[in-house]
Amino acid sequence: MVRFSVEITVSGGLHARPASVLVNLLNQYRSSVKMIYNDKQANGKSILSVMALGVKTGDELTFEVEGVDEQEAAVALRSLLGRNFAM
């Protein structure tokens with residue numbers, strides 16, 4: 001399992017557009033992705049679950065990636081989160 005935390009820098013937080021980009025990326029991998037925020041957990045491959053967390057700009061979000069391609073998924077996820085992907 002790969003576990004890491006990041007500060008969300010996307011303007012407006014994980015609203016519909018960035019949540020969609022995030023979910024679409026994660027659905028390219030077989031590994032499961034759990035997102036943890038304020039004692040709430042979400043399936044990183046479900047847009048409704050991600051948006052229900054209510055993550056805002058500046059919030060810290062923890063990811064747990066587990067599965068056969070967890071390393072590749074974690075690298076792609078960190079890369080996405082390291083840039084402004086709200087477009």
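Between the side chain of Thr57 and the backbone N or O of Gly13 there is at least one donor-acceptor pair closer than 3.5 Å. Using a distance-only test at 3.5 Å, with no hydrogens or angles considered, a donor-acceptor pair links the side chain of Asn43 to the main chain of Lys45.
Lys34 has its side chain within reach of Gln41: a pair of non-hydrogen atoms, C-beta onward, lies under 4.5 Å apart. For the pair Ile36 and Arg3, the minimum side-chain heavy-atom distance is below 4.5 Å. A 4.5 Å side-chain heavy-atom check between Leu61 and Leu14 finds at least one atom pair inside the cut-off. Considering only heavy atoms from C-beta on, Val2 stays 4.5 Å or farther from Glu64 through its side chain.
In this structure, Tyr29 has no ring-ring contact (aromatic ring centres under 6.0 Å, His included) partners at least two apart in sequence or on a different chain.
Closest approach of Glu70 to Met1, counting heavy atoms only: OE2-N, 3.2 Å. The two residues Ser31 and Val65 make their nearest non-hydrogen contact at CB-CG1, 4.0 Å. Nearest approach of Ser5 to Thr62, heavy atoms of both residues: OG-OG1, 2.7 Å. Taking both residues in full, the closest heavy atoms of Leu22 and Val50 are given as CD2-CG1, 4.3 Å, listed atom of the first, atom of the second, then distance. Considering every non-hydrogen atom in both Lys56 and Asp59, the closest pair reads N-OD2, 2.7 Å. Val6 and Leu81 get closest at one heavy-atom pair: CG2-CD1, 3.7 Å.
Cation-pi geometry between Arg78 and Phe4 is met: under 6.0 angstrom from the ring centre, within 45 degrees of the axis.
Taking OG of Ser49 as the start and CE of Met35 as the end, the distance is 8.0 Å to the nearest 0.5 Å. Residue Leu26 holds its CG atom at 7.5 Å from CZ of Phe63, rounded to the nearest 0.5 Å.
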